Protein chains: 2
Amino acid sequence: MTVHLPDECGCIDSAVCRQMPCAGKISELAEFFKNLSDPTRLAILCMLTHGDKCVCDIAETLGATQSNVSHQLRILKQSKLVKSTRDGKSVIYSLEDGHIRDVMETGLEHLMESL
Amino acid sequence: MTVHLPDECGCIDSAVCRQMPCAGKISELAEFFKNLSDPTRLAILCMLTHGDKCVCDIAETLGATQSNVSHQLRILKQSKLVKSTRDGKSVIYSLEDGHIRDVMETGLEHLMESL
DNA sequence: ATTACATATGTTCATCTGTTCATAAGTATA
DNA sequence: TATACTTATGAACAGATGAACATATGTAAT
């Protein structure tokens with residue numbers, strides 16, 4: 001759906017948001033959250049906050065198939081949430097930057113305080 | 001999918017997260033983000049940071065049908081992201097608490113810094 | 001009571017998503 | 001090269017999702 005918010009709209013009333021018109025960013029932000037909205041992907045990101053990991057380790061820890069993990073990692077990589085480097089036979093994945101952790105933490109705080 | 005992370009896992013390595021085992025919370029957190037992952041719902045939440053609004057105002061501003069907005073508001077209400085009070089013929093919706101705004105802002109910060 | 005307005009709900013449908021299976025591609029070692 | 005190991009990819013399927021339409025419910029005023 002195409003959202004029609006006026007471009008000059010300050011949207012979220014904060015310093016951050018005043019610099020960033022809503023209409024053009026809503027769909028980007030929604031897509032960002034969508035990447036965090038799947039338990040498998042979120043668990044992967046969560047694991048990677050502990051340190052870099054290869055695909056098979058992620059799969060084993062999660063109890064998921066290698067194929068599924070690889071598919072989800074591709075999504076995470078395309079959306080620039082993770083990056084990867086090859087190490088011999090393995091491919092090591094890591095968080096792209098620290099903001100992902102911040103977002104997850106903020107979300108967790110919300111859950112904790114809305115019991 | 002059922003994610004198998006050990007319950008004693010500290011998950012996100014922070015004070016907040018050490019108090020909160022991952023396995024049980026991943027799916028909750030994913031569901032929370034899922035509610036923010038739709039442009040219509042996100043735009044509604046964004047609008048409500050400006051102030052409380054009735055359904056028809058939201059629909060008009062968004063260029064969405066009343067039906068669609070009402071459906072999405074029900075989802076947001078069930079997940080305790082918004083609350084509502086009736087005012088005559090209208091029903092006024094407002095953000096349940098301030099954390100939603102925080103999460104959106106943190107997400108926006110991520111978008112800004114990952115250009 | 002009737003009419004008008006505002007919101008909620010049920011249903012249907014097209015589309016998207018996550019998962020699995022099978023298999024290909026990349027890499028290292030014997 | 002042959003083999004084993006690791007990761008990526010393509011196809012197919014079930015289930016979930018968002019939107020639209022029609023209609024019901026709730027509220028106020030005439």
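Residue numbering restarts at 1 for every chain, and letters A, B, ... go by the order of the sequence lines. The structure displayed is predicted, hence computed values, not measured ones.
Residue A:N68 places none of its side-chain N or O atoms closer than 4.0 Å to OP1 or OP2 of C:dG18. Within the structure, every side-chain polar atom (N or O) of B:S70 is placed at least 4.0 Å from both OP1 and OP2 of C:dA6. Phosphate contact (OP1/OP2 of D:dG18, side-chain N/O of B:T40, threshold under 4.0 Å): absent. Regarding contacts with the backbone of C:dA6, every side-chain N or O of B:Y93 stays at 4.0 angstrom or more from both OP1 and OP2. Checking the phosphate oxygens (OP1, OP2) of C:dT9, no side-chain nitrogen or oxygen of B:S67 falls inside 4.0 Å. At the phosphate of C:dA6, neither OP1 nor OP2 sits under 4.0 Å from any side-chain N or O atom of B:S90.
Residues in residues 83-92 of chain A take part in these side chain to side chain donor-acceptor pair (under 3.5 Å) pairs, two or more places apart or across chains: A:K77-A:S84.
Checking D:dT7, C:dC21, C:dT11 against every side-chain atom of B:H71, the shortest atom distance belongs to C:dT11.
Considering only residues two or more places apart in sequence or on other chains, A:D38 meets the side-chain hydrogen bond (donor to acceptor under 3.5 Å, both in side chains) condition with none of them. Scored by the salt bridge (Lys or Arg N to Asp or Glu O under 4.0 Å) test, B:E31 finds no partners at all (sequence neighbours excluded). For A:H99, the side chain to side chain contact (heavy atoms under 4.5 Å, CB included) partners two or more places apart in sequence, or in a different chain, are A:D97, A:D102, B:H110, B:E113. The side-chain hydrogen bond (donor to acceptor under 3.5 Å, both in side chains) check on A:S94 picks up nothing, with sequence neighbours excluded. The side chain to side chain contact (heavy atoms under 4.5 Å, CB included) test applied to A:A30 returns B:P39, B:L42, not counting sequence neighbours.
A straight line from CD1 of B:I26 to P of C:dG18 spans 15 Å, rounded to a whole angstrom. A straight line from CZ of A:R41 to C1' of C:dG18 spans 8 Å, rounded to a whole angstrom. The separation between B:E60 atom CD and C:dT7 atom P is 12 Å, rounded to whole Å. If you measure from atom CG of B:L62 to atom C1' of D:dA19, you get 14 Å, rounded to the nearest angstrom. Atom P of nucleotide C:dC5 and atom CG of B:D57 are separated by 16 Å, given to the nearest angstrom. If you measure from atom CG of A:N35 to atom C1' of C:dG18, you get 13 Å, rounded to the nearest angstrom. As rounded to whole Å, 13 Å separates atom P of C:dA8 from atom CD of B:Q72. The nearest whole Å value for the distance from the CD1 atom in B:I44 to the C1' atom in C:dT7 is 13 Å.
Looking only at distances, a side-chain donor or acceptor of A:R101 sits under 3.5 Å from a matching main-chain atom of A:T49. Remark: side-chain polar atoms of B:S37 are paired, donor with acceptor, to backbone N or O of B:K34 under 3.5 angstrom.
Screening A:Q72, A:H71, A:Q66 for a side chain to side chain donor-acceptor pair (under 3.5 Å) with A:N68, the sole residue that qualifies is A:Q72.
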At a cut-off of 3.5 Å, list every protein nitrogen or oxygen paired with a nitrogen or oxygen from nucleotides 25-28 of chain C, distance to 0.1 Å.
none

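A:V82 and A:V91 fall within a single hydrophobic cluster, where Ile, Leu, Val, Met, Phe, Trp and Tyr are joined by side-chain heavy atoms under 4.5 Å apart, directly or via other members.
Contact check of residues 73-85 of chain B against DNA chain C (heavy atom, cut-off under 4.0 Å) returns B:R74.
For C:dA8, its base sits under 3.5 Å from the side chain of B:Q66 at one donor and acceptor pair at least.
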